Amino acid sequence: MVFNPLVYETRSIRSVVDIVGAEKVLFVSDFPLLIYPRKCRKKEFELFITDIRQNAGLNEEEWTKVMYDNANKLLSQAKRK
């Protein structure tokens, strides 16, 4: 799995997927490490996810892998051990 070290730079997700493939990228978050976006006064995780959805440049299959399938696969492997 690859972790994106570029906090809140949603376009970098596209680059990571291009380099290693969507099947090796897992979305994780320690939100709200910073208030996002910086202009907001309160923490809104929905804005964060919407920004990723609209600006990361992932197609539907990639989105599903990164946001759901890869986590399910990882957890199911852990359960079997």
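Since the structure is predicted, the reported quantities are computational estimates derived from the model, not experimental observations. Residues: numbered from 1 along the sequence shown.
- Checked for salt-bridge contact, Lys73 and Asp69 miss the test: no charged N lies under 4.0 Å from a carboxylate O.
- Here the CG atom belonging to Asn59 is positioned 7.0 Å from the CZ atom belonging to Arg14, to the nearest 0.5 angstrom.
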task = Apply side-chain contact (heavy atoms from CB on, under 4.5 Å) to the pair Tyr68 and Phe27, showing each step before the final yes or no.
result = CA-CA 8 Å; Tyr68 305 102; Phe27 175 79; over 6 Å; no
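- Residues Glu60 and Lys65 are not paired through a salt bridge, judged by the lack of any N-O separation under 4.0 Å between the basic side chain and the carboxylate.
- Under a 3.5 Å cut-off, the side chain of Asn70 and the backbone N or O of Leu26 do not form any donor-acceptor pair.
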request  = Quick one: do Ile49 and Met67 satisfy side-chain contact (heavy atoms from CB on, under 4.5 Å)? Show the steps, please.
outcome  = CA-CA 10 Å; Ile49 296 299; Met67 301 302 282; 3.9 Å; yes
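- The two residues Ile13 and Ala56 come nearest to each other via the heavy atoms CB-CB, 4.1 Å.
- For the atom pair Asn72 CG and Thr64 OG1, the distance stands at 11.0 Å (nearest 0.5 Å).
- Residues Glu62 and Val25 have side chains not in contact (no heavy-atom distance under 4.5 Å, counting atoms from C-beta outward).
- At a threshold of 4.5 Å between side-chain heavy atoms, the hydrophobic network of Ile, Leu, Val, Met, Phe, Trp and Tyr places Ile52 and Ile19 in one connected group.
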